Amino acid sequence: MTEQRPLKIHNTLSGKKEEFRPITPGYVGMYVCGPTVYNDVHLGNCRTFCSFDMIYRYLLHLGYKVRYVRNITDVGHLTDDGEDRMAKGAKVAQLEPMEVAQRYTVGFHDMMRIFNTLPPSIEPRATGHIPEQIEMVQTILERGLAYERNGSVYFDVPKFAAENEGVYGSVSGRVLEDLYTETRELKSQEEKNHPADFAIWMKARPQDLMVWNSPWSVGFPGWHLECSAMSTKYLGKTFDIHGGGNDLKFPHHENEVAQNHGACGCHPANFWMHTNMLLLNGKKMSKSDGNTISPTELFTGTSEHTSKPYSPMAVRFFMLMAHYRSTLDITDDGLMAAEKGFLKIMETNRILQNLPVNARDFDGSESDTDRAILALIHDAFAGMDDDFNTAIAIASLNEMGSFIHKLANQQIAPGEISPWVIERLKTVFSTFLFDIFGLQDESANSNDSGTLEGLMGLILEIRGQARAQKDWATSDKIRDGLSAAGITVKDGKDGVTWAKA
RNA sequence: GGUUUCCUGGCCGAGUGGUUAGGCACAGCUCUGCAAAAGCUGCUACAGCGGUUCGAAUCCGCUCGAAACCUCCA
């Protein structure tokens with residue numbers, strides 16, 4: 001493994017950017033909390049997973065061997081009324097709980113594919129790791145950090161906090177004393193010694209459908225336990241990066257740390273990364289209060305919040321324009337700007353990749369233009385190295401784009417940019433756009449593009465003949481007709497090109 | 001109520017003690033048969049009030065406003 005460039009990552013534990021050093025040089029273990037599959041994925045999930053997809057891709061780009069684990073939660077989440085989420089969905093739809101999980105897992109995977117995210121290395125399911133979770137409960141009990149009450153097992157937060165100073169609260173920044181006084185009055189908490197305690201094993205009630213036998217009762221594992229058990233199983237007791245949405249900091253991640261710590265006496269992850277929320281109308285998107293827009297609605301333009309459909313890649317680009325730790329407000333104007341920006345940068349890339357590289361033009365020196373472009377390339381990577389700042393990288397690419405267009409328009413002389421710099425530009429652009437940002441050229445990607453190319457070639461040839469004869473009526477009729485069909489004709493100095501609008 | 005974060009130009013959004021981020025929109029120009037595209041130029045902002053500093057949008061304090069978490073949520 002060769003030396004990696006210094007990479008800075010914002011660590012929730014310290015609240016600062018820290019230089020990233022993997023436990024094993026060249027290898028990265030990354031765990032990201034995945035979706036609970038009891039409903040269609042919503043956009044907020046997509047932003048988080050797109051962000052971590054970009055992070056995963058950049059780590060790969062840097063040459064790391066990454067084991068990326070992202071779980072599927074198909075049991076254990078309790079709803080407000082204490083009912084298991086999977087069971088609730090099942091009752092509504094008259095389906096087996098696992099049938100519900102399966103349906104939404106498939107839907108989730110479809111959506112991830114639409115957003116062009118790479119699949120994780122391992123995608124463990126909570127229901128597939130019940131024995132591991134039971135084992136962990138046992139270990140925690142043996143270490144005296146949990147207690148059994150009527151068949152349920154609760155994690156003893158005060159005891160844990162007393163024995164491990166500074167650990168509980170390290171993720172969420174919460175002060176233990178505050179927790180005791182702040183925790184709201186919740187029903188059915190009588191069994192707990194302390195309001196801050198949480199269940200690691202729940203005894204089933206008659207209405208619970210997804211249950212397993214355990215030393216304590218027939219029941220099911222607590223919500224936070226699956227991530228502890230599965231991250232340990234696949235990444236080890238301590239691994240490099242643990243990620244998830246901001247809203248999981250408390251209680252989920254805090255309790256996860258407590259469990260891992262309680263079971264093995266060590267901190268599970270060196271770096272905790274949290275993505276920020278997607279906002280709609282200035283507020284967090286939320287499943288429960290209806291302030292939401294689904295990815296499908298975004299793609300079809302059927303939401304009241306948008307004026308037109310936006311393609312998946314336009315949406316992905318929209319997300320990339322903001323830093324992953326910033327909140328991102330979804331607005332129609334913002335999406336429109338992103339869509340334009342996306343189409344333009346893809347077009348710039350197409351022009352760039354078609355630029356001829358003529359070695360004879362190279363006079364052997366490094367021009368000011370060369371240096372300017374090289375500086376921009378440096379900026380783009382420096383932005384990524386600084387906590388994955390995609391906004392900086394995009395800004396740098398746009399500035400490179402200006403040079404590319406000028407070169408293509410012969411507004412700067414071909415000799416002003418060295419051939420090797422153009423080659424470098426080509427590599428940098430495709431690396432960023434496709435490998436790191438995970439974008440796809442949607443216009444190139446339709447099945448009938450070959451047919452379309454042929455048709456367009458013919459049509460534009462006819463138009464060219466009309467123009468040569470100054471038959472503007474025919475020429476404009478073709479242009480307007482194509483425009484109406486969604487194709488923009490671009491007359492350039494060296495001929496005609498076209499693009500889907 | 002407690003904890004934390006944020007407030008950037010018409011809009012979206014980076015950044016951060018001293019230099020125009022970038023995009024979108026808009027205006028003018030170049031090119032063009034016209035238009036589009038592309039290029040060039042213009043638009044130079046950091047919620048308010050104090051303080052620190054040679055210098056702050058960037059650090060500190062207060063105020064206003066917003067958001068997140070404290071309860072399932074990415």
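Predicted model only: the values in this text are computed from it and were never measured. Residue numbering restarts at 1 for every chain, and letters A, B, ... go by the order of the sequence lines.
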Residue met sooner reading RNA chain B from 5', once L279(A) and K17(A) are mapped to nucleotides: K17(A)
Side-chain N,O (K490(A)) to OP1/OP2 (A38(B)) below 4.0 Å: no
Does the A35(B) base have a donor-acceptor partner in the side chain of R479(A) within less than 3.5 Å? yes
Please state the C1' separation for the pair G10(B) and U30(B) - nearest whole angstrom. 26 Å
With centres under 5.5 Å and planes under 30°, do F49(A) and A74(B) count as stacked? no
Under-4.0 Å side-chain N/O to phosphate OP1/OP2 contact, N389(A) with G15(B): yes
Is there a side-chain contact between K283(A) and the phosphate of A67(B), meaning an N or O under 4.0 Å from OP1 or OP2? yes
Considering only the P atoms, how many Å lie between G28(B) and C43(B), rounded to the nearest integer? 16 Å
Suppose we call a contact any N or O donor and acceptor under 3.5 Å apart; does that hold for the side chain of S475(A) and the base of G33(B)? yes
Does A14(B) have a Watson-Crick or wobble mate here (both distances under 3.5 Å), and if so which one? none
What's touching nucleotides 4-6 of chain B from the protein side, N or O pairs under 3.5 Å?
none

Side-chain atoms of T488(A) come closest, of G39(B), C34(B), A36(B), to A36(B)
Would you say S402(A) places a side-chain N or O within less than 4.0 Å of OP1 or OP2 belonging to G22(B)? no
Please confirm whether the ring centroid of Y324(A) lies under 6.0 Å from the ring centroid of F52(A). no
Sticking with atom P, work out how far C26(B) lies from C11(B), rounded to a whole angstrom. 15 Å
Pairwise C1' distance for G42(B) and A36(B), with rounding to whole Å: 22 Å
